[in-house]
Amino acid sequence: MNWSYQIYNNNQWTQARFNSFIKSALRSASQRWPPKYTVLKEAYVGTFTNPASGRQAKFYKCNVCKEDFVAKNIEVNHIIPVVPITGFDNWDSVIARLFCEADGLEVVCKPCHKTITKEENATRKSKE
């Protein structure tokens with residue numbers, strides 16, 4: 001099948017719209033991927049009082065800065081980017097990287113994740 005000439009949604013969607021739809025569906029499914037919960041469990045440090053709210057909260061250790069953060073301030077990062085630094089290659093490879101095993105994932109705080117993502121995007125842009 002030649003994907004570049006495929007008609008999507010009765011010719012109402014462009015290739016970009018179709019790709020966006022597929023990416024969204026895959027990302028949604030990846031939120032339930034069991035290895036994600038394995039790395040979260042490994043990064044769990046305990047339930048403590050959240051200084052911001054005064055309530056009990058689960059805390060996790062960031063794999064980059066080694067600080068402890070409440071659950072809402074951490075993310076699970078793919079060590080090997082889902083979309084390679086060289087850009088999109090093919091759906092099979094994207095799916096393989098998205099649904100990787102626990103050793104391909106890490107728990108990072110939102111500030112560290114933002115830095116990682118910014119560096120990856122800058123590298124991608126420089127390769128264009």
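FYI, the numbering just counts along the sequence from 1.
- The main-chain N or O of K66 is found under 3.5 Å from a side-chain atom of K61 such that the two form a donor-acceptor pair.
- In this structure, Y37 is not a member of the same hydrophobic cluster as W33, with clusters built from ILVMFWY side-chain heavy atoms closer than 4.5 Å.
- Nearest heavy atoms, V70 versus A57: CG1-CB, 3.9 Å.
- A heavy-atom distance below 4.5 Å is found between the side chains of E120 and R124.
- Counting only residues at least two apart or in different chains, salt bridge (charged side-chain N to carboxylate O under 4.0 Å, His left out) contacts with residues 6-30 are absent.
- Note: the hydrophobic cluster containing V39 does not contain V108 (ILVMFWY, side chain heavy atoms under 4.5 Å, direct or indirect links).
- With T123 contributing its side chain and E119 its backbone, the two residues share a donor-acceptor pair below 3.5 Å.
- The local environment of CD1 in I80 is sparse, with at most 12 non-hydrogen atoms from other residues, nucleotides or ligands closer than 6.0 Å.
- Judged as a side-chain contact (heavy atoms from CB on, under 4.5 Å), and not counting sequence neighbours, the contacts of S53 are N50, R55.
- For the atom pair CD1 of I74 and SG of C112, the computed distance is 12.0 Å after rounding to the nearest 0.5 Å.
- Q56 has its side chain within reach of T49: a pair of non-hydrogen atoms, C-beta onward, lies under 4.5 Å apart.
- Here E75 pairs with H113 under the side-chain hydrogen bond (donor to acceptor under 3.5 Å, both in side chains) rule; sequence neighbours left out.
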Output side-chain donor-acceptor pairs under 3.5 Å for residues 98-107, partner residues at least two apart or in another chain, one line each.
residue: E106; atom: OE1; partner: N63; partner atom: ND2; Å: 2.7
residue: E106; atom: OE2; partner: N77; partner atom: ND2; Å: 2.9

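- Shown here are the side-chain contact (heavy atoms from CB on, under 4.5 Å) partners of D92, two or more places apart in sequence or in another chain: N90.
- At most 12 non-hydrogen atoms from other residues, nucleotides or ligands lie less than 6.0 angstrom from CZ of F21.
- By the rule that hydrophobic residues join a cluster once side-chain heavy atoms approach within less than 4.5 Å of another member, F69 and F48 end up as members of separate clusters.
- With hydrophobic clusters built from ILVMFWY side chains whose heavy atoms lie under 4.5 angstrom apart, L26 shares a cluster with W13.
- Note that OG1 of T14 and CG of N9 are 10.5 Å apart. Values are rounded to the nearest 0.5 Å.
- A heavy-atom distance below 4.5 Å is found between the side chains of W91 and N19.
- Annotation: side chain of R97 is in contact with side chain of D89 (closest heavy-atom distance under 4.5 Å).
- Partners of K36 by salt bridge (Lys or Arg N to Asp or Glu O under 4.0 Å), not counting sequence neighbours: none found.
- Linking Ile, Leu, Val, Met, Phe, Trp and Tyr whenever their side-chain heavy atoms come within less than 4.5 Å puts I22 and F88 in one cluster.
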